[in-house]
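All heavy atoms count here, side chains included; hydrogens, waters and symmetry mates do not.
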Amino acid sequence: MSLKFCKFKFIKKTSPKLFCKYEIISSNPYSDKKNFNGNSVRYQILQYKENKKDNKRMFIYVLNNQYLLTYGEITKIPPDLKDIELRLVSKDETFPITEETLDLYCQWVKYYVYRKIVSYCAKNKYAYDYRVENHYAVSLSDIPNNKLNVVIKRIFNVDAEVLSDGTAYLSVNIHHEFESKNNLYDLIKQNRNVIDMKVKCLWQIYDNHYIVQKVNDITIENDIDTENSTKKLNLIDYWNKKLSKEIENIDKNAPIVSAYNKKKKRTEHYIPQSLFPIVTREYILMNDRNFSKKVDRYIKLSMQERIEIIQRFLKVLNLKKMKGKDELIESEVIELLPTPIKELGYQSYDMSQKLPTLFIANNQRIKFNEKYKVFKQGFYKVPEKTIVAAFMSYDTEAKQSYEVVKAVLDFTRGKVNGVRDNRVNEKLLPLKFYQSSFHYEKGDMLSYTETAHKIKEAGNVNFVVAPLPIEIDEEEFYKDSIASPYDSFKHVFADLEIPSQMLSLNMIKDIDTNNIFYRLQNIVLGILCKAGGVPWILEKPLDDVDCFIGLDVGTQEKGIHYPACSVCLDGQGNFIGYYSTNVAQKGEKIDTKSLEVIFNNVLIAYKQSSGEYPKHIVIHRDGFSNEEKSWYIEYFNRRNIEFDVVEIRKNISVRLLEENEASNGMNPKSGSTVIKDNTAYIITTNVKKYLGSPRPLLLVHRHGNLPIEKIARQVYILSEMHIGSMRTSRLPLTTLYADKICKNHDHVPHNILTNQLYFL
């Protein structure tokens, strides 16, 4: 393999700098120093501009949340820093480049890039939008016309790495955002329904999202009552003090728009010209299908395409102004070729080699690329009890719903499109439907709940199958919150502890075609796993590990988090169950009380399955392991259990490319892994060049004796083990399922350990 990082080396090494040092002093004796956010002070200073040059584009770094380091003195300290004052400690303190100051110099490198971009934009207006830190945006000019009047913005996010000798590297990651040229007033004039639309206010400096509640009868020139004040609000007067230019030429006959601020949990009032719809792929799909089909060729970039685009971006850093002249000439600041992994001390491995085999029905063996055989030869474990499913449908679409459900039932009995199919076992799954069907009224939560309770009261029903009136593609099915009762049904049935399988009615177009076979595979796997079955397991345990545990913390809304856990038995991927708590907590750190409840349930379930506690556990923590290491040590040592803790970080800026894969756009193949010390970057999915490029996972081994090579191999194999779908998962099923539990917190039962995968 010829793997390289998508990192670019600066020609010259970074040298130590002199910084002004300010101490942040709080006059509030009750302030919690541990939770104090020095970045808020930094932000206020950068935003304060009494004169145009005040604090303009200044370098400010927060040190240990107690000091500000600045390059040069602060020209103007804001007079209204709440409960805060700054004391100048030193005007020119030297900070050598050491392990302790590497983050300081990483931020310095990013600041250097920022200044270069600003300088370039001074000569090339609107080349990049650089208002957000380390976030350089450019609108793509060649996109086709679309009825939504949407533009695609290409975003360059930069990150830096500085070694202790001063050698510096720049990572550049590309992603894309959509932006509407139409504001909310434009949409109102087009007679578009804007109620419940998610919007943002571009006149604000912070990025809050709102939900439109009402278009009022009164215009923006009139006063309006506010929830949090006895005084009336005049929007024209309010915004005129802040943004007089925006107010100057707008239509004053525009109606006041009321929108709900979820963060502050209150209704607020806005000028509609300031609000813009939040444009996502789902928004585009729902409103302009033709444009949606064309979007991918702009945003799904192979690594080769990414490198070429990034190189053009980096050329800006290699430009400098000639003395006494306005023209820019090329200079050598940064190399434009990606960095070989060995230059940064990494070694490459291929984890896709010598994979174990899988057990299915009757201990038959299949390879990972032969999972399709499970439908012919049978699942490893089917539910002991017959799955008695209630059939639920929307009244006016009962006929189409029945056709979709019948296709599912036929598949479990070896039929496809009404004909016996040799690819499917005649006794694939013990599924039958309740004698009566159930109906609900679309858009009526009371009807949803009432129907769910009728199903609960029906005799012997232990499952629900519900085709929903959704017209979008299957992969977008679960994200459609506009026309779908999906969330409402999932929530109600989880409370009633009845697993459910929702289907998209757009399946009807695939009946009597070959496509229906592949859609039915995933649906039947979903029903199997939600009913407590298992399609396949590993032939033998991985590296003598008895049990894998996945941990994650999901954010339901700002400040509210729920920890979750998913477990594999005997290291073979045989699913024990999962545990989700309903106790909210603060922050991304799982508190020790919740940890103890989670692990107590895990150990009890394991012992019930195998007769004894596990001897060796591997914990996969989604994201950063903020939990106290000492707690783990005390808890597991007391029970004589060996354990390893591995962070699995999915949202990273680092990319890998494989020069030998030119025919596939330099996309590394699945299994490509680079390792150094206790860290590994691993590619777990194959991505064809016209479908984008793979995103590596970063694995960090925080505790234990397993070699990082074995940990990476375990993660790769578990990413191939996804039991709820034929598709390969990017994440190992440990953190994949923990993540799904957190994101679908309202769709699962709480405070019990179950092996029924409600969340799939």
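Relative orientation of the Trp203 and Trp239 rings is perpendicular, given thresholds of 30° and 60° on the angle between their planes. Classified by interplanar angle (parallel below 30°, tilted 30° to 60°, perpendicular above 60°), the ring pair Phe313/Tyr136 is tilted.
Tyr67 pairs by the side chain to side chain donor-acceptor pair (under 3.5 Å) definition with nothing, not counting sequence neighbours. By the salt bridge (charged side-chain N to carboxylate O under 4.0 Å, His left out) test, Glu177 pairs with no residue at all, sequence neighbours left out. Every residue meeting the side-chain contact (heavy atoms from CB on, under 4.5 Å) condition with Glu179, not counting sequence neighbours, appears here in chain and number order: Val151, Lys153. Here Val700 pairs with Glu647, Arg649, Asn678, Thr679, Leu698, Arg702 under the side-chain contact (heavy atoms from CB on, under 4.5 Å) rule; sequence neighbours left out. Residues forming a salt bridge (charged side-chain N to carboxylate O under 4.0 Å, His left out) with Arg306 (at least two apart in sequence, or on another chain): none. For Asn222, the side chain to side chain donor-acceptor pair (under 3.5 Å) partners at least two apart in sequence or on another chain are Thr219. Here Ser258 pairs with Asn216, His269 under the side chain to side chain donor-acceptor pair (under 3.5 Å) rule; sequence neighbours left out. Residues passing the side-chain contact (heavy atoms from CB on, under 4.5 Å) test with Leu18, sequence neighbours excluded: Asp92, Thr94. Taking the ring pair (Phe, Tyr, Trp, His ring centres under 6.0 Å) definition, one finds that Phe10 meets it with nothing, sequence neighbours left out. Partners of Arg87 according to the side chain to side chain donor-acceptor pair (under 3.5 Å) rule, which considers only residues two or more places apart in sequence or in another chain, are Glu23. Contacts of Ile211 classified as side-chain contact (heavy atoms from CB on, under 4.5 Å), with partners at least two apart in sequence or in another chain: Asp196, Lys198.
Between atom OH of residue Tyr632 and atom CG of residue Asn637 there is a gap of 14.0 Å, rounded to the nearest 0.5 Å.
Looking at heavy atoms from C-beta onward, Ile299 lies in side-chain contact with Arg281 at the 4.5 angstrom threshold. Within the 4.5 Å cutoff, the side chain of Ile250 has no heavy atoms near those of the Tyr185 side chain.
Residues Tyr270 and Tyr210 bring a donor and an acceptor atom of their side chains to less than 3.5 Å of each other.
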Could you pull out all donor-acceptor pairs under 3.5 Å where a side-chain atom in residues 159-169 meets a protein atom, sequence neighbours excluded?
from   : atom 1 : to     : atom 2 : distance (Å)
Glu161 : OE1    : Lys7   : NZ     : 2.5
Asp165 : OD1    : Thr167 : N      : 3.0
Asp165 : OD1    : Thr167 : OG1    : 2.9
Asp165 : OD2    : Lys13  : NZ     : 3.4
Asp165 : OD2    : Thr167 : OG1    : 3.2
Tyr169 : OH     : Glu343 : OE2    : 2.8

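Crowding of Lys676 atom NZ: a count of heavy atoms from other residues, nucleotides or ligands under 6.0 Å exceeding 12. The neighbour count for Gln213 CD, taken as heavy atoms of other residues, nucleotides or ligands under 6.0 Å away, is above 12.
For Tyr105 against Thr14, the heavy-atom pair with the smallest separation is CD2-CG2, 3.7 Å. Closest of all the heavy-atom pairs between Pro272 and Val257 is CB-CG2, 3.8 Å.
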